Amino acid sequence: MTDDLQPRGPFRYGDRVQLTGPKGRMHTITLREGGELHTHHGVLRHDVLVGQPDGSVATNSGGHEYLALRPLLRDFVMSMPRGAAIVYPKDAAQILAAGDIFPGATVVEAGVGSGALSLWLLRAIGAEGRLLSFERRAEFAEVAEANVTTFSGSRPGNWDVVVGDLVESLPDAVAPGSVDRVVLDMLAPWECIDVVADALAPGGVVLCYIATATQLSRVAEYLRGTGLFTDPEASETMIRGWHVEGLAVRPDHRMVAHTGFLVTARRLAPGAVPPDVRKRALKKPSYADEDVELWTPGAVGDREITDKNLRKRMREAQRAADGARIAAESGGEDDSA
């Protein structure tokens, strides 16, 4: 077995491989004995890749060449089976930075979704850290566990997945003041702030990843109203790529713009009142009861995946996880013989 999230060496059966073919078309496959990639350009047998190093070029039956690489983590999360929407790499990177996720940290995550953010958090905390992921839906938790196993080669021993509501389950899962960081990726994170405050150590960070401006306002006002946190900071991240070819240098015509807001705040020591709060009394929230109705999960618009599609994603994720276990158990041996 291997704990390396980015394995090296020759390709093995069970490995995930990213193939870039004609016109930049990309395919992500799991290498299997007797497996084949069929496209309208021809057939590429999996066994021609086994034993070849990362970055090799293979030719299919039609004479078309494919560049073969193990997916980077950012590539993997964009192509893995999804039960719920994922946290995009640009936001995951900001979460690690804004949340100051460090090696050895104890981190709580809710909800786990499809496991994309879990993979980034596990990489950041290292083998000495601990990640507790909470998810209300067992089906999503199953997809996430399969995806993490696929990329890792085995289920990380420092990762626990709890199926249940964070408000009900967190007090039993951790001791008060023992958590370093909390990341909330959910429709109504303000509902969890009180139990999060109890779990966080003084100076610990809570980070909320939310989609809409109304959610942003609601969670920021709630954090202020508790008097238990520093003044919340909010941001969003946008990425604009550039086309660079000789002297033809210009911005890309398309960009990854808004995907979500990040709100961060730090836990105050018991009884502490920041100087700026002493100078001004906490203002009354600038919203009324009727506005709160607009912030309910149903009104915000929870996009649901159909049961049929979810079952399909669960099967895909499990097949990929089984392949990763095969690759990990081979111990890096050359299977091309």
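The first residue in the sequence is number 1, and the count goes up from there. Note that this is a predicted model, so its numbers are computed, not measured.
Summarising the geometry, atom SG belonging to C192 is positioned 4.0 Å from atom CE belonging to M186; distances are rounded to the nearest 0.5 Å. Rounded to the nearest 0.5 Å, atoms OG1 (T28) and CG (D75) are 7.5 Å apart. Rounding to the nearest 0.5 angstrom, the gap separating the NE2 atom in H27 from the CD atom in Q18 is 11.0 Å. Between the CG atom of N60 and the CD atom of E65 there is a distance of 9.5 Å, given to the nearest 0.5 Å. Interatomic distance, CG of L31 versus CZ of R12, reported as 10.0 Å (0.5 Å rounding). Atom OG1 of T106 sits about 5.0 Å away from atom CG of D180, to the nearest 0.5 Å.
Dense packing is recorded around OH of Y209, with more than 12 heavy atoms of other residues, nucleotides or ligands lying under 6.0 Å away. By the neighbour-count criterion of 12 heavy atoms within 6.0 Å, atom CD of E36 is densely surrounded, having more than that number from other residues, nucleotides or ligands. By the 6.0 Å contact criterion, CZ on R254 is open, its count of non-hydrogen atoms from other residues, nucleotides or ligands being 12 or less. The number of heavy atoms from other shown groups lying within 6.0 Å of NE2 (H253) does not exceed 12.
Cluster annotation: V205 and L268 are assigned to distinct hydrophobic clusters (Ile/Leu/Val/Met/Phe/Trp/Tyr, side-chain heavy-atom contacts under 4.5 Å, transitive). A continuous path of Ile, Leu, Val, Met, Phe, Trp and Tyr side chains, each step under 4.5 Å between heavy atoms, connects F76 with V112, placing both in one hydrophobic cluster. A continuous path of Ile, Leu, Val, Met, Phe, Trp and Tyr side chains, each step under 4.5 Å between heavy atoms, connects V167 with V162, placing both in one hydrophobic cluster. Grouping the Ile, Leu, Val, Met, Phe, Trp and Tyr side chains by contacts below 4.5 angstrom, directly or via other members, places I210 with L166. One hydrophobic cluster holds both V48 and I29 under the rule that ILVMFWY side chains link at heavy-atom gaps under 4.5 Å.
Checking side-chain atoms of E135 against main-chain N and O of A110 turns up no donor-acceptor pair under 3.5 Å. Checked by atom type and distance alone, the side chain of H64 never pairs as donor or acceptor with a backbone atom of V43 at under 3.5 Å. A side-chain donor-acceptor contact under 3.5 Å links D252 to the backbone of H243. Judged by distance alone, the side chain of T230 and the main-chain N or O of A265 form no donor-acceptor pair under 3.5 Å. A donor-acceptor contact shorter than 3.5 Å links the side chain of T226 to the backbone of L228. At distances below 3.5 Å, at least one donor-acceptor pair connects side-chain atoms of H46 with backbone N or O atoms of R32. Panel note: side chain E142, backbone A138; no donor-acceptor pair is recorded below 3.5 Å. The main-chain N or O of G203 is found under 3.5 Å from a side-chain atom of R266 such that the two form a donor-acceptor pair.
Among all heavy-atom pairs drawn from S114 and A84, the shortest one is OG-O, 2.7 Å. Contact between L262 and D91 at its shortest, heavy atoms only, is CD1-O, 4.4 Å. Taking all atoms of both residues into account, the shortest heavy-atom contact from A197 to R267 is O-NE, 2.8 Å. Closest of all the heavy-atom pairs between P81 and N147 is O-ND2, 2.9 Å. The two residues G14 and T30 make their nearest non-hydrogen contact at O-CG2, 3.6 Å. Heavy-atom minimum distance, L67 versus G55: CD1-O, 3.7 Å.
E109 and S133 share a side-chain donor-acceptor pair at under 3.5 Å. A side-chain N or O of T212 and one of T214 form a donor-acceptor pair less than 3.5 Å apart.
Side chains of V148 and P156 form a contact here, defined as non-hydrogen atoms less than 4.5 Å apart. Looking only at side-chain heavy atoms (C-beta outward), Y66 and T20 stay at 4.5 Å or farther from each other. Using a 4.5 Å heavy-atom cutoff, the side chains of S56 and L49 are not in contact. The closest side-chain heavy-atom distance from N158 to L131 is not below 4.5 Å. Counting heavy atoms from C-beta on, the side chains of L122 and F151 never come closer than 4.5 Å. Side-chain contact between L170 and V108 is present, with at least one heavy-atom pair separated by less than 4.5 Å. Looking only at side-chain heavy atoms (C-beta outward), W190 and L223 stay at 4.5 Å or farther from each other. Contact check for E145 versus V161: side-chain heavy atoms found under the 4.5 Å cut-off.
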Practice problem: Output, in order, the C-alpha distance, side-chain angles, deciding distance and verdict of side-chain contact (heavy atoms from CB on, under 4.5 Å) for L184 and L207. | Solution: CA-CA 6 Å; L184 301 178; L207 186 149; over 6 Å; no
Self-check item: salt bridge (charged side-chain N to carboxylate O under 4.0 Å, His left out) evaluation trace for D231 with R224
Solution: CA-CA 6 Å; D231 202 49; R224 287 192 182 102; 2.8 Å; yes
Quiz item: Between L117 and I95, does a side-chain contact (heavy atoms from CB on, under 4.5 Å) hold up when you go through it step by step?
Solution: CA-CA 9 Å; L117 183 58; I95 287 171; 4.1 Å; yes
Exercise. Starting from the C-alpha separation in whole Å, work towards a yes-or-no answer on side-chain contact (heavy atoms from CB on, under 4.5 Å) for R16 and T150.
Key: CA-CA 8 Å; R16 296 275 286 184; T150 299; 3.9 Å; yes
Practice problem: Apply the test side-chain contact (heavy atoms from CB on, under 4.5 Å) to residues V256 and M238: give CA-CA distance (whole Å), side-chain angles for both, the deciding distance (0.1 Å), then the verdict. | Solution: CA-CA 6 Å; V256 182; M238 301 183 186; over 6 Å; no
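By the 4.0 Å N-to-carboxylate-O rule, R136 lies close enough to D165 to be salt-bridged with it. Salt bridge annotation for D15-R70: present, with a cationic side-chain nitrogen under 4.0 angstrom from a carboxylate oxygen.
Under a 4.5 Å side-chain heavy-atom cut-off, the cluster of Ile, Leu, Val, Met, Phe, Trp and Tyr residues that includes I239 has no other member.
Every residue two or more places apart in sequence or in another chain was checked for a side chain to side chain contact (heavy atoms under 4.5 Å, CB included) with H40, and none qualifies.
Applying the ring-ring contact (aromatic ring centres under 6.0 Å, His included) test to pairs two or more places apart or on separate chains, none has a residue in residues 106-139.
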